[in-house]
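Structure first, then comments.
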Number of protein chains: 2
Amino acid sequence: MTIKDIARECGVGISTVSRVLNNKPDVSEEVRKKVLAAVETNGYIPNNSARDLVKSRSDAIGVVVRGTGNLFFSDMLKVIAAEIDRRGYDMILRFLATDEDEVKAGAILEREKKLRGLLFLGGRFNYTPAEMSLIGVPYVCCSYTNSFGTLRESDFSSVSIDDFKTAYEAVSVLIAAGHSRIAAFFDACDDHSISELRYDGYCAALKKNGIPVDPALVVQTGGFEMEDGYRSMKSLIESGAGFTAAFVEADMMAIAAIKALHDCHKRVPEDCSVIAIDGLKLSEYTSPTLTTMIQPGEEIARESVRILMDMIEKGIEGVHLRPEAHLRNGGSVCSRQL
Amino acid sequence: MTIKDIARECGVGISTVSRVLNNKPDVSEEVRKKVLAAVETNGYIPNNSARDLVKSRSDAIGVVVRGTGNLFFSDMLKVIAAEIDRRGYDMILRFLATDEDEVKAGAILEREKKLRGLLFLGGRFNYTPAEMSLIGVPYVCCSYTNSFGTLRESDFSSVSIDDFKTAYEAVSVLIAAGHSRIAAFFDACDDHSISELRYDGYCAALKKNGIPVDPALVVQTGGFEMEDGYRSMKSLIESGAGFTAAFVEADMMAIAAIKALHDCHKRVPEDCSVIAIDGLKLSEYTSPTLTTMIQPGEEIARESVRILMDMIEKGIEGVHLRPEAHLRNGGSVCSRQL
DNA sequence: AACGTTTCCGGTAACGTTTCCGGAAAGAAT
DNA sequence: ATTCTTTCCGGAAACGTTACCGGAAACGTT
């Protein structure tokens with residue numbers, strides 16, 4: 001069942017059928033009705049690859065993701081998928097191992113599938129303009145490190161919170177509550193990722209308040225999984241390093257870290273205050289409710305897609321959104337008696 | 001940059017280039033090397049839509065999902081996506097509203113995209129053979145109700161736990177601990193979904209032990225979100241209905257329900273035991289650790305894809321996997337003092 | 001009556017592949 | 001020397017669509 005069959009059945013030319021299928025002008029109302037009826041009764045469905053071939057572009061968006069551990073990304077991915085779907089585009093998803101080159105992967109995907117746009121989610125992003133020029137469609141970096149070096153800002157878009165500032169504020173909350181021995185948990189501290197920015201924010205907040213950064217209190221978890229948070233907290237406790245508060249860079253890890261504290265017979269927040277970043281709906285329902293910096297994850301995901309669509313359909317230049325993270329005052333932080 | 005350019009550059013015919021690109025025989029080693037080199041230096045990337053058009057099939061799998069609320073599905077979706085990706089196929093994702101027809105959506109997708117297979121995730125499934133005949137590629141129903149009525153079992157595959165049995169066992173655990181006033185929380189009880197099967201399992205376990213089903217203790221949450229669990233538990237408590245235990249059909253809702261109990265100054269498990277179904281990694285890290293029936297979600301997702309691939313590539317008949325759910329003995333259930 | 005204009009439509013090339021088929025060249029068997 | 005295989009290769013049709021172009025018919029306008 002092709003466009004040709006419909007044309008024959010209606011006694012019209014195939015270009016006429018094509019016109020009504022694409023809502024183009026130059027076709028009488030009478031013929032349009034007839035064609036539409038034939039399409040309906042025959043259950044005709046256009047062949048997308050033929051269309052893509054002649055137009056030499058598809059209606060697909062490529063999404064390349066690195067680091068699937070973090071639930072925050074899972075949530076965003078769901079919104080991104082739904083949002084792309086809702087706008088009538090297809091999503092081609094590509095998961096990358098940590099050692100793969102996301103730009104090269106994106107460029108290949110773009111050409112193979114004749115993508116309309118690309119969305120990068122998570123991961124590092126220290127590419128040069130030369131490398132980025134490999135990709136020839138609009139793209140947005142979603143929840144990436146926000147230091148894009150020498151890249152021309154009008155060439156692409158990005159959406160993410162200010163990770164430095166958010167970490168700075170979170171740590172400041174602990175300091176304001178009287179804490180100075182503040183442990184901190186990051187995926188990694190020197191990999192050009194958002195984790196590094198958050199680490200910088202942590203250090204800055206301490207320094208600003210005259211507190212030295214104690215390397216013994218900085219833990220690299222090596223991931224965003226709950227296990228990573230649990231294990232890291234456990235081993236910090238066992239190391240004997242004294243601390244009265246902890247800053248954890250992701251809710252999921254914080255929940256696991258709290259479990260580790262409980263398992264070591266430490267109360268939260270009485271024996272150790274905990275603050276995190278993410279603001280998952282989930283962490284509202286733990287006991288105590290997690291005190292955390294809420295990232296507007298849904299907004300970030302939705303806006304990323306919207307901006308990408310605007311670049312594709314309206315040809316606008318790149319925009320760089322920095323939505324605010326704001327404090328959720330849960331029950332996992334308390335003032336330290338001085 | 002097309003196959004034609006490569007052919008010209010190498011001084012060979014385009015069919016020869018096509019042959020080396022597809023690892024077909026009938027090409028000398030010398031020519032193969034030359035072509036491969038030209039492909040490499042020119043960064044040639046084949047056009048997928050052209051290929052799909054002539055072969056009249058793509059390398060894509062359609063995944064249609066209904067009910068995105070449940071985290072359990074999110075987790076599975078991630079595995080499914082990674083698994084499809086890993087095997088070199090593309091995934092076309094379609095989210096459906098609860099009132100949409102998943103089979104019709106799948107059939108359209110299949111023809112538009114020339115899919116190789118279809119995977120249905122979650123939702124109801126009371127279709128007739130006539131309706132199912134709309135879809136012309138292998139398909140597997142993943143985590144669906146396992147009552148497929150009149151459908152011929154060899155025509156399709158399915159993978160999911162036995163929801164009736166799992167619910168039966170969970171409720172039996174509570175009864176064995178001495179409980180008889182057992183509240184229960186389901187998305188819905190009469191919609192041909194897994195929820196209905198679980199409700200049936202709940203009733204059967206009670207009856208088996210001579211306990212009458214008290215409608216006042218059966219709550220329809222109208223969803224799988226945490227809010228649904230919280231709200232439902234709250235209103236049950238406020239209704240004044242007496243109960244010493246609760247069976248909740250999903251971990252996420254159970255966590256929220258426990259929060260509601262806490263907020264009403266009831267201790268878990270001392271004042272109310274809670275058991276659930278899902279076994280999310282997450283619910284190991286709550287306090288108390290959730291007692292729940294662990295669904296092998298990763299296995300379900302992985303096996304679903306594997307089976308679908310076997311049907312596609314090896315032409316095997318439909319298989320129906322019923323992996324076992326097994327109890328995780330957490331800390332949210334305790335014996336009732338008699 | 002002759003001449004624009006507008007409205008509608010069909011023929012056809014093109015998109016970049018794969019696949020079929022025929023054939024040249026080289027080697028083996030008679 | 002002839003014929004028969006085998007190995008390798010190129011030409012060309014086909015996949016189903018879109019877009020361009022040219023033209024017929026209908027309708028004004030002078």
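Reminder, nothing fancy here: chain letters follow the sequence lines and each chain counts from 1. A quick note: this is a predicted structure, and the numbers were derived from the prediction, not measured.
- A:Thr2 comes within 4.0 angstrom of sugar-phosphate atoms only, judged by non-hydrogen atoms across all strands, and of no base.
- Base pairing of C:dA28 is made with D:dT3, judged by Watson-Crick or G-U wobble geometry with both donor-acceptor distances under 3.5 Å.
- Remark: P of D:dT17 and CZ of A:Arg51 are 8 Å apart, rounded to the nearest angstrom.
- Between B:Phe156 and B:His320, the ring planes lie perpendicular to each other; the angle is over 60°, past the 30° to 60° tilted range.
- Comparing A:Asn22 and B:Val12 along DNA chain D, the residue whose closest nucleotide (by nearest heavy atom) sits nearer the 5' end is B:Val12.
- Taking a pair to require two hydrogen-bonding distances under 3.5 Å in either a Watson-Crick or a G-U wobble arrangement, C:dG23 pairs with D:dC8.
- Atom P of nucleotide D:dC8 and atom CD of B:Glu30 are separated by 11 Å, given to the nearest angstrom.
- Contact annotation: B:Ser18 side-chain N/O to C:dT17 OP1/OP2 distance is not under 4.0 Å.
- For the pair B:Leu121 and B:Leu77, the minimum side-chain heavy-atom distance is below 4.5 Å.
- The backbone N or O of B:Ile14 lies less than 3.5 Å from no partner atom in the side chain of B:Ser18, so there is not a single donor-acceptor pair.
- Remark: B:Tyr44 is not in phosphate contact with C:dG16, judged by side-chain N or O atoms under 4.0 Å from OP1 or OP2.
- Between B:Gly11 and B:Ala50, the one whose closest nucleotide on DNA chain D sits nearer the 5' end is B:Gly11.
- Rounded to whole angstrom, the span from the CG atom of B:Asn47 across to the P atom of D:dT17 amounts to 17 Å.
- The CG-P distance, from A:Asp5 to D:dG16, rounds to 9 Å in whole Å.
- Considering only side-chain N and O atoms, A:Lys114 lies nowhere under 4.0 angstrom from the phosphate OP1 or OP2 of C:dG16.
- In this structure, A:Arg51 and A:Pro46 have side chains that are in contact, with non-hydrogen atoms separated by less than 4.5 Å.
- Note: CD1 (B:Ile3) to P (C:dT18) measures 5 Å, nearest angstrom.
- Dashed line: the shortest gap from a side-chain N or O of B:Thr16 to OP1 or OP2 of D:dG10 is under 4.0 Å.
- Under 3.5 Å, the side chains of A:Ser158 and A:Arg322 contain a donor-acceptor pair of N or O atoms.
- Using a 4.0 Å heavy-atom cutoff across all strands shown, B:Ile14 reaches at least one base atom of the nucleic acid.
- The CG atom of A:Asp26 sits 10 Å away from the C1' atom of C:dT6 (whole-angstrom rounding).
- Note on A:Lys4: every side-chain N or O is 4.0 Å or more away from OP1 and OP2 of D:dC15.
- Among the protein residues, A:Pro25 comes within range of no part of the nucleic acid, since none of its heavy atoms lies under 4.0 Å from any strand.
- Electrostatic pairing of B:Lys34 and B:Glu30 does not count as a salt bridge here, judged by no charged N lying under 4.0 Å from a carboxylate O.
- The base of D:dG11 sits within donor-acceptor range of the side chain of B:Ser15, with an N or O pair under 3.5 Å.
- Side-chain nitrogen and oxygen atoms of A:Ser28 include at least one within less than 4.0 Å of the OP1 or OP2 phosphate oxygen of C:dC9.
- Rounded to whole Å, the distance from NZ on A:Lys33 to P on C:dC8 is 13 Å.
- Rounded to a whole Å, the CZ atom of A:Arg19 is 12 Å from the P atom of D:dC20.
- Of all nucleotides present, only C:dC3 satisfies the Watson-Crick or G-U wobble test against D:dG28, with each distance under 3.5 Å.
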